[in-house]
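The structure under discussion appears below in the form of structure tokens.
What you see is a predicted model; the values in this text were computed from it and never measured.
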Amino acid sequence: MAKPNKKNQVASSKAWSGRFTKGPDPRAEAFSSSLAVDIRLLPFDIVGSQAHAEMLAQQKIIKSTEAKTLQQGLKKVLDEWERGKLETNARDEDVHMLVERRLRELIGSVAGKLHTARSRNDQVVTDLKLYLRDEVEELIAGLRRVQRSLLKLAEKHGEWIMPGYTHVQVAQPVLAAHWLLAHLEAFHRDEKRLLALRQGALEELPLGAAALAGTTHPINRTLVAKYLGFKQVTANSMDTVGDRDFCVEFLAAAALCGVHLSRLAEELVWFSSSEFKFITMDQGFSTGSSIMPQKRNPDIAELLRGKAGRLTGHLVNMLTLLKGLPLTYNRDLQEDKEPVFDAADTLLAVFVVLPPMLDTLTFHRERMLAACGQGYPTATEAADHLVRQGVPFREAHEAVGRAVTFAAGQGQGLEALTQDQWQGFHQAFQKGILQDITLKNSVERKKSLGGTAPAQVRAACVQVRRRLTENK
Ligand code: ARG
């Protein structure tokens with residue numbers, strides 16, 4: 001919101017002033033201005049306008065000399081903006097009006113021809129799509145940086161073993177690399193979601209829908225699409241100016257990515273605690289306490305976890321904005337930009353800090369291994385051993401359950417049980433049982449596709465590396 005002007009202004013300075021005999025109330029003007037937010041669309045507004053002017057000339061709707069003047073003027077406005085020399089004033093309602101006002105100051109009344117066969121309603125959706133196309137590319141690059149860092153860690157810690165958890169209880173041993181690749185897969189899906197948006201709604205040009213109904217001028221939308229690099233044009237002009245599905249799709253992808261980040265961050269926080277100490281975060285990515293001298297806190301990971309809140313909020317914001325909104329354009333839609341911009345900014349900032357934070361993590365092999373000594377993580381292996389002897393799984397489960405209860409009563413792990421003791425729980429236990437329940441064996445036998453066996457994990461690393469090097 002801009003600051004209200006002290007005195008009421010004359011009606012004639014507004015683009016829509018013809019219908020008015022009185023200027024806007026400065027408080028209403030300030031309340032409705034979106035310039036502070038949408039100014040960042042300026043380069044996209046200019047590019048869109050240049051394409052529009054070019055098409056108007058091609059279609060002989062304006063003269064080519066006029067188009068040239070418009071192009072040059074628009075370029076000047078962009079130059080001024082890039083050099084930080086473009087002055088805004090509180091009367092500029094939004095970025096589109098700012099550009100038009102400045103254009104008029106620079107090239108005179110011919111500036112008024114630019115808005116032929118166009119409305120801010122189709123213009124603003126076009127700007128937003130052009131903006132998102134760029135951001136989505138950046139975000140995909142960021143997601144790939146995160147995946148590369150996770151992959152490097154996975155490759156580095158090849159066969160290190162850690163407990164895998166269900167219900168936050170030790171479940172089965174897994175390779176640390178398998179755990180890292182698990183998080184990586186979630187970010188890969190985020191990447192695919194953004195790509196789908198890029199190749200879907202962001203390939204459809206809104207410009208040419210005009211205010212809502214199309215235009216009487218002989219425009220050529222396909223030409224504008226070609227100039228701006230869109231594959232096609234949107235189908236229905238009424239839908240076009242009121243559609244913000246692409247914002248919802250973007251925010252849904254961003255919110256889900258935020259959720260994935262929070263799940264990784266949560267585990268990093270836990271695993272770096274003194275109770276776990278599976279990992280240590282580099283000092284550069286930890287913070288101290290202002291009162292407790294001994295502390296090293298995982299604040300960066302906590303902030304990463306916290307970002308899920310705002311990202312989810314932005315999605316809910318946008319859905320609520322659209323809910324029950326009648327066709328076609330309504331000014332409510334001006335509220336679309338802040339959530340979209342903030343979601344993109346938030347994730348871009350995350351993708352700057354997360355990769356180096358991951359790159360500088362230290363893993364503690366002994367701690368992870370020692371944690372596998374708790375909670376009987378190879379009990380399923382003992383049951384599988386019986387199953388291989390032809391014992392039904394339910395019966396095997398029962399026998400191993402008794403063995404675990406016994407060992408727990410002794411305060412020991414399963415590896416402390418002797419061959420005779422095993423046979424006491426079920427006669428089908430063979431000699432190999434002592435071997436079958438080692439951590440190493442447990443991991444190595446999980447050879448099913450997508451399982452944690454070293455051979456599978458190595459293959460996964462190779463596949464992911466290939467994925468991350470191709471179509472960069
Ligand atoms: N600033 C407006 C927005 O972002 C631009 C479109 C305004 N159109 C209108 N008819 N008032 O939505």
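The line from CE of M238 to CG of L212 is 5.5 Å long, rounded to the nearest 0.5 Å. In this structure, R365 CZ and H157 NE2 are separated by 9.5 Å, a value rounded to the nearest 0.5 Å. Note that NE2 of H183 is 5.0 Å distant from CG of L264, once rounded to the nearest 0.5 Å. One finds the CE atom of M357 at 4.5 Å from the CE atom of M281 (value rounded to the nearest 0.5 Å). Once rounded to the nearest 0.5 Å, the distance linking CD of E66 with CG of L114 reads 11.5 Å. The line from SG of C257 to CG of L139 is 8.0 Å long, rounded to the nearest 0.5 Å.
Between the side chain of E54 and the backbone N or O of L223 there is no donor-acceptor pair closer than 3.5 Å. Side chain of D122 to main chain of L207: no donor-acceptor pair is present (N/O by atom type, distance under 3.5 Å, no hydrogens or angles). When atom types are taken as modelled, the side chain of N330 and the backbone of P326 share a donor-acceptor pair closer than 3.5 angstrom. In this structure, K113 contributes its side chain and A53 its backbone to no donor-acceptor pair below 3.5 Å. Between the side chain of Q232 and the backbone N or O of E204, no donor-acceptor pair lies under 3.5 Å. In this structure, Q59 contributes its side chain and P218 its backbone to a donor-acceptor pair below 3.5 Å. For E80 (side chain) and K85 (main-chain N/O), no donor-acceptor pair under 3.5 Å exists by modelled atom type. For the pair T234 (side chain) and L205 (backbone), a donor-acceptor distance under 3.5 Å is present. Using a distance-only test at 3.5 Å, with no hydrogens or angles considered, no donor-acceptor pair links the side chain of S33 to the main chain of E29.
Two residues are said to be in side-chain contact when any heavy atoms from C-beta on lie closer than 4.5 Å; L333 and V124 fail this criterion. Side-chain contact between R133 and V136 is absent, with no heavy atoms from C-beta onward closer than 4.5 Å. In this structure, the side chains of V269 and E302 come closer than 4.5 Å at one or more pairs of heavy atoms. Considering only heavy atoms from C-beta on, L70 stays 4.5 Å or farther from L56 through its side chain. Within the 4.5 Å cutoff, side-chain heavy atoms of L151 are placed close to those of L181. Annotation: side chain of D38 is not in contact with side chain of D45 (no heavy-atom distance under 4.5 Å). Within the 4.5 Å cutoff, the side chain of T328 has no heavy atoms near those of the N121 side chain. Counting heavy atoms from C-beta on, the side chains of V340 and M318 come closer than 4.5 Å.
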Might you work through the side-chain contact (heavy atoms from CB on, under 4.5 Å) test for R305 and L268, ending with a clear yes or no?
CA-CA 10 Å; R305 189 174 58 190; L268 294 178; over 6 Å; no

Side chain to side chain donor-acceptor pair (under 3.5 Å) assessment of R118 paired with S49:
CA-CA 10 Å; R118 185 178 76 170; S49 290; 2.8 Å; yes

From CA spacing to verdict: side-chain contact (heavy atoms from CB on, under 4.5 Å), R40, D345:
CA-CA 12 Å; R40 69 154 86 182; D345 293 348; 2.6 Å; yes

Check against side-chain contact (heavy atoms from CB on, under 4.5 Å), L347 and L261
CA-CA 10 Å; L347 286 179; L261 287 163; 3.8 Å; yes

Before you tell me yes or no, could you show the steps for D299 and T287 under side chain to side chain donor-acceptor pair (under 3.5 Å), namely the whole-Å CA-CA distance, both residues' side-chain angles and the distance that decides it to 0.1 Å?
CA-CA 6 Å; D299 288 35; T287 38; 2.7 Å; yes

Taking it one step at a time, do W81 and L78 satisfy side-chain contact (heavy atoms from CB on, under 4.5 Å)?
CA-CA 5 Å; W81 184 74; L78 182 61; 4.2 Å; yes

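When every heavy atom of L106 is checked against every heavy atom of G73, the shortest pair comes out as CD1-O, 4.0 Å. Scanning both residues, L361 and L153, for their nearest heavy atoms gives CD1-CD1, 4.1 Å. Contact record, E191 with Q147: OE1-NE2, 2.8 Å, taken as the closest heavy-atom pair. When all heavy atoms of I219 and A117 are compared, the closest pair comes out as CG2-CB, 3.5 Å. Summarising the geometry of I46 relative to L74, their closest heavy-atom pair is CD1-O, 3.5 Å, with the distance given to 0.1 Å. Considering every non-hydrogen atom in both R145 and V352, the closest pair reads NH2-N, 4.5 Å.
The ring-ring contact (aromatic ring centres under 6.0 Å, His included) test applied to F276 returns W270, F271, F278, not counting sequence neighbours. Legend: residues meeting side-chain contact (heavy atoms from CB on, under 4.5 Å) with A67, ordered by chain and number and at least two apart, are A57, I62. For H188, there are no ring-ring contact (aromatic ring centres under 6.0 Å, His included) partners, not counting sequence neighbours.
Few gaps surround CD on Q199; more than 12 heavy atoms of other groups in view lie less than 6.0 Å from it. Counting non-hydrogen atoms of neighbouring residues, nucleotides and ligands closer than 6.0 angstrom, the CZ atom of R296 reaches no more than 12 such neighbours. More than 12 non-hydrogen atoms from other residues, nucleotides or ligands lie less than 6.0 angstrom from CZ of R198. A 6.0 Å sphere centred on CD of E338 holds no more than 12 heavy atoms belonging to other residues, nucleotides or ligands.
In the model, D94 has no side-chain atom that pairs as donor or acceptor with a side-chain atom of S34 under 3.5 Å.
A salt bridge does not link D79 to K76: none of the charged nitrogens lies less than 4.0 Å from a carboxylate oxygen. A salt bridge is defined here as a Lys NZ or Arg NE, NH1 or NH2 lying under 4.0 Å from an Asp or Glu carboxylate O, and R244 with D336 meets this definition. A salt bridge links R101 and E105; the closest N-O separation between the charged side-chain nitrogens and carboxylate oxygens is under 4.0 Å. Using a 4.0 Å cut-off between charged nitrogen and carboxylate oxygen, E155 and R148 do not count as a salt-bridge pair.
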Name each donor-acceptor pair under 3.5 Å that joins a side chain in residues 165-176 to protein atoms two or more places apart or in another chain, with its distance.
{"unit_1": "Q172", "atom_1": "NE2", "unit_2": "T380", "atom_2": "OG1", "d": "3.0"}

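Applying the ring pair (Phe, Tyr, Trp, His ring centres under 6.0 Å) definition to pairs two or more places apart or across chains, those involving residues 292-341 are Y131-F341. Within the structure, no pair that satisfies the ring pair (Phe, Tyr, Trp, His ring centres under 6.0 Å) test touches residues 195-238, not counting sequence neighbours.
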